[in-house]
Amino acid sequence: MQPLVDELCRDSPEFAAMWRENDVRSFGEGVKRLRHPVLGALTLEYSSFAVDGRPDLAMLVYNPMEEADAVKIRGLMEGRGA
């Protein structure tokens with residue numbers, strides 16, 4: 001998670017301020033298994049976050065659980081498919 005937080009703080013002064021104020025909280029995490037139409041089976045871990053006092057704002061982050069899933073996703077993003 002720390003690399004993501006670092007990137008968001010670097011790119012968003014608003015996020016950096018909320019993070020410093022500890023105004024960002026986690027409200028869920030877990031594992032999702034899904035079948036992608038091109039990549040097939042994927043297992044992703046997820047974390048969801050909300051901003052205190054702003055019920056209209058939320059962020060959901062998915063990360064591949066296995067390196068094989070990460071390779072499939074990178075391939076799709078690079079136009080290689082499954």
Side-chain angles (χ1 to χ4, degrees):
M1 282 307 283
Q2 192 59 51
L4 174 63
V5 170
D6 293 343
E7 179 181 343
L8 291 171
C9 286
R10 184 178 55 251
D11 295 345
S12 170
E14 294 86 4
F15 182 89
M18 288 186 290
W19 192 258
R20 275 192 310 275
E21 295 167 7
N22 200 25
D23 208 15
V24 180
R25 61 182 170 85
S26 172
F27 65 88
E29 57 189 40
V31 174
K32 272 213 192 273
R33 290 174 179 79
L34 58 97
R35 181 159 300 282
H36 187 276
V38 173
L39 302 180
L42 296 172
T43 303
L44 306 170
E45 55 187 348
Y46 69 89
S47 300
S48 54
F49 302 88
V51 179
D52 287 340
R54 291 291 307 268
D56 58 319
L57 295 179
M59 177 174 63
L60 187 58
V61 179
Y62 289 95
N63 288 302
M65 290 271 305
E66 304 293 332
E67 181 59 26
D69 292 332
V71 169
K72 287 186 212 179
I73 293 167
R74 274 195 299 274
L76 184 65
M77 292 172 62
E78 294 169 358
R80 293 193 309 260

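Numbering of residues begins at 1 and proceeds along the displayed sequence.
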Task: Under the side-chain hydrogen bond (donor to acceptor under 3.5 Å, both in side chains) test, residues paired with D6 that sit two or more places apart - done: Q2
TODO: For K72 and V38, indicate whether the former's side chain and the latter's backbone hold a donor-acceptor pair under 3.5 Å.
DONE: no
- [ ] With rounding to the nearest 0.5 Å, note down the distance linking CD in E29 to CZ in F49.
- [x] 8.0 Å
TODO: Verify the cluster assignment for V71 and I73: are they in a single hydrophobic cluster under the rule of side-chain heavy atoms below 4.5 Å apart?
DONE: no
- [ ] Drop me the distance from R35's CZ to L42's CG, to the nearest 0.5 angstrom.
- [x] 9.0 Å
Open item on the list: With rounding to the nearest 0.5 angstrom, report the CG to CD distance, D52 to E21.
Closed with: 10.5 Å
Task: Heavy-atom pair with the smallest gap, counting every atom of L60 and S48 - done: CD1-CB, 3.5 Å
TODO: Could you list who else is in V31's hydrophobic cluster, with ILVMFWY side chains joined at under 4.5 Å, directly or through other members?
DONE: M65
Open item on the list: Is it the case that atom CD in E66 sees more than 12 heavy atoms from other parts of the structure closer than 6.0 Å?
Closed with: no
Task: Test side-chain hydrogen bond (donor to acceptor under 3.5 Å, both in side chains) applied to D11 - qualifying residues, sequence neighbours left out - done: none
Task: Pairwise distance CG(N63) to OH(Y46) - rounded to 0.5 angstrom - done: 13.0 Å
- [ ] Look up atom CG in L57 and atom CE in M18, then write down how far apart they are to the nearest 0.5 Å.
- [x] 7.0 Å
